[in-house]
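This report concerns only the one structure given below.
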Amino acid sequence: MTKRSFLIDTDTASDDAVALLMALRDPGIDVLAITVVAGNVPLEQAVQNALFTVERAGRTDVPVFAGAAAPLERELFTAEFVHGTDGMGDIGLPLAGRRPSSGHAVDVLVETIGSQPPGALTLVTLGPLTNIALAFRRDPALAARIGSMVVMGGTSDAVGNVSAAAEFNIFADPEAAAVVFASDASITMVGWDISRLYAVIDHDDAATIRGLGPLAALAMDIQAKVDVFATHETHLAGFDLPDPIAMAVALDPRVATRVEHRNVVVETRGEFTAGQTVVDHLGLTGRPPNVHVVREASRAAFIALLHERLRG
Ligand code: RIB
Ligand code: CA
């Protein structure tokens, strides 16, 4: 079976780690590299969390590279209040002392995208788009070379999770997101609406997943802090898994059951709306469609894929 080549960019915290496990344990996927960006937690912690996850997956053959430690223009805004101080639920995991591969993530993105056959590569982004924007600024031709870019970010319904209008990954670096959404990349946007509607894991769901094996149990245990945030702040029936459902769409596009080609721009100046992904649902702006916006997903397909990749 010919494997599909993936690049994954992540701000590794508790949901990113599950998404990484799903890709690293997929027999049909060749993860060429994992590039890390500051976001949920500062860069060094995100790098350590990625290295820990790769090790627990038994995939230390996959290189991890450190990237941008801050957004393009703004101050770094992190989310320890969501994921815990270490980003992995603060459950006492050994998340220090591992060494990433030498080289900067942006150089790796430029070189890897530039060396893959045009259209062959899938790029999955799970964090702020700073690394990607820096790579596209260095070589704008890179964007069109990517076969599919699956972005966990934004919302299609303007219901934010970090402000009233914005989702964290876009809110953390709106300028970077604006660069990426204005590029020639073939973007599939999996917004926080999809996570909120189709990827909420309640306590019964979590207990079932825990029973699938030690890695599955770890995947649930590291959600300890986000479980508190999700139930008390975003008022969900459990914790949601935004990066894993975005990864599921990348692994199996059939998970996305309704996708609309729409014009999407990123607000970078709004006092109350900075970081909002403004989706032109009615085509009123005359701006050409530039993003494949996931509007509906199959929770059953997502859960089945999640179980399949974590089992054992
Ligand atoms: O808004 C959810 C996104 O922000 C997820 O990628 C989560 O890991 C955080 O980065
Ligand atoms: Ca993330």
Side-chain angles (χ1 to χ4, degrees), residues 7-23 34-43 45-50 52-53 64 67-68 71 76-89 105 123-132 149-174 176-177 180 188-201 219 222-230 233-236 239-250 266 274-277 294 302:
L7 272 178
I8 305 172
D9 193 76
T10 174
D11 61 336
T12 328
S14 52
D15 65 314
D16 302 69
V18 178
L20 291 176
L21 290 174
M22 292 169 70
I34 294 169
T35 53
V36 185
V37 64
N40 282 316
V41 289
L43 178 66
Q45 187 65 63
V47 168
Q48 291 301 321
N49 294 350
F52 170 84
T53 303
V64 174
L76 178 61
F77 174 77
T78 53
E80 291 93 336
F81 63 95
V82 177
H83 298 276
T85 304
D86 67 12
M88 300 278 270
L123 171 62
V124 183
T125 69
L126 307 174
L129 292 166
T130 316
N131 286 340
I132 314 305
M149 182 172 173
V150 179
V151 172
M152 192 286 129
T155 72
S156 77
D157 62 1
V159 175
N161 64 354
V162 70
S163 77
E167 174 279 328
F168 176 83
N169 287 338
I170 311 300
F171 180 84
D173 195 344
V180 172
T188 295
M189 184 178 99
V190 185
W192 187 63
D193 47 316
I194 299 304
S195 181
R196 189 179 82 242
L197 295 171
Y198 305 104
V200 174
I201 302 296
I222 60 178
Q223 312 304 327
K225 292 293 185 184
V226 71
D227 188 30
V228 174
F229 178 82
E233 299 300 326
T234 50
H235 312 297
L236 301 177
F239 57 85
D240 64 310
L241 289 174
D243 291 341
I245 197 166
M247 182 59 76
V249 170
V266 177
Q276 181 177 0
T277 46
V294 177
F302 165 60

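The model shown is predicted, which means the values in this text are computed figures rather than measured ones. Residues take their numbers from the sequence shown, with the count starting at 1. Both ligands and their constituent atoms are indexed starting at 1 by order of listing.
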Original post:
Distance only, no hydrogens: is a donor on one side chain within 3.5 Å (strictly under) of an acceptor on the other, for Thr130 and Asp173?
Top reply: yes
Subject >> Distance (rounded to the nearest 0.5 Å) between Asp16 CG and Asn49 CG >> reply: 9.0 Å
Please produce the table of protein N or O atoms sitting under 3.5 Å from N or O atoms belonging to ligand 1, one pair a line, distance to 0.1 Å.
residue, atom, partner, partner atom, Å
ligand 1, 1 (O), Asn161, ND2, 2.8
ligand 1, 1 (O), Glu167, OE2, 2.6
ligand 1, 4 (O), Asn169, OD1, 3.2
ligand 1, 6 (O), Leu126, O, 2.8
ligand 1, 6 (O), Asn169, ND2, 3.0
ligand 1, 6 (O), Asp243, OD1, 2.6
ligand 1, 6 (O), Asp243, OD2, 3.0
ligand 1, 8 (O), Asp15, OD1, 2.5
ligand 1, 8 (O), Asp15, OD2, 3.1
ligand 1, 8 (O), Asp16, OD1, 2.9
ligand 1, 8 (O), Asn40, ND2, 3.0
ligand 1, 8 (O), Asp243, OD2, 3.1
ligand 1, 10 (O), Asp11, OD1, 3.3
ligand 1, 10 (O), Asp11, OD2, 2.9
ligand 1, 10 (O), Asn40, OD1, 3.3
ligand 1, 10 (O), Asn40, ND2, 3.1
ligand 1, 10 (O), Asn169, OD1, 2.8

Subject >> Distance (rounded to the nearest 0.5 Å) between Asp11 CG and Asn169 CG >> reply: 5.5 Å
Subject >> Listed protein N/O/S atoms, distance to the Ca ion (ligand 2) under 3.0 Å >> reply: Asp11 OD1, Asp16 OD1, Asp16 OD2, Leu126 O, Asp243 OD2
Original post:
What is the minimum heavy-atom distance between Ile222 and Ser14, and which atoms define it?
Top reply: O-CB, 3.1 Å
**OP:** Please work out whether the ring planes of Phe81 and Phe229 are parallel, tilted or perpendicular, with thresholds of 30° and 60°.
**Re:** perpendicular
Original post:
Does Asp9 reach the main-chain N or O of Leu129 with its side chain, forming a donor-acceptor pair under 3.5 Å?
Top reply: no
**OP:** Could you tell me which non-hydrogen atom of Ala50 sits nearest to which non-hydrogen atom of Thr12, and how far apart they are?
**Re:** CB-OG1, 3.4 Å
Original post:
Are the aromatic ring centres of Phe171 and Phe77 under 6.0 angstrom apart?
Top reply: yes
Subject >> Side-chain (Asp193) to main-chain (Ser156) donor-acceptor, under 3.5 angstrom >> reply: yes
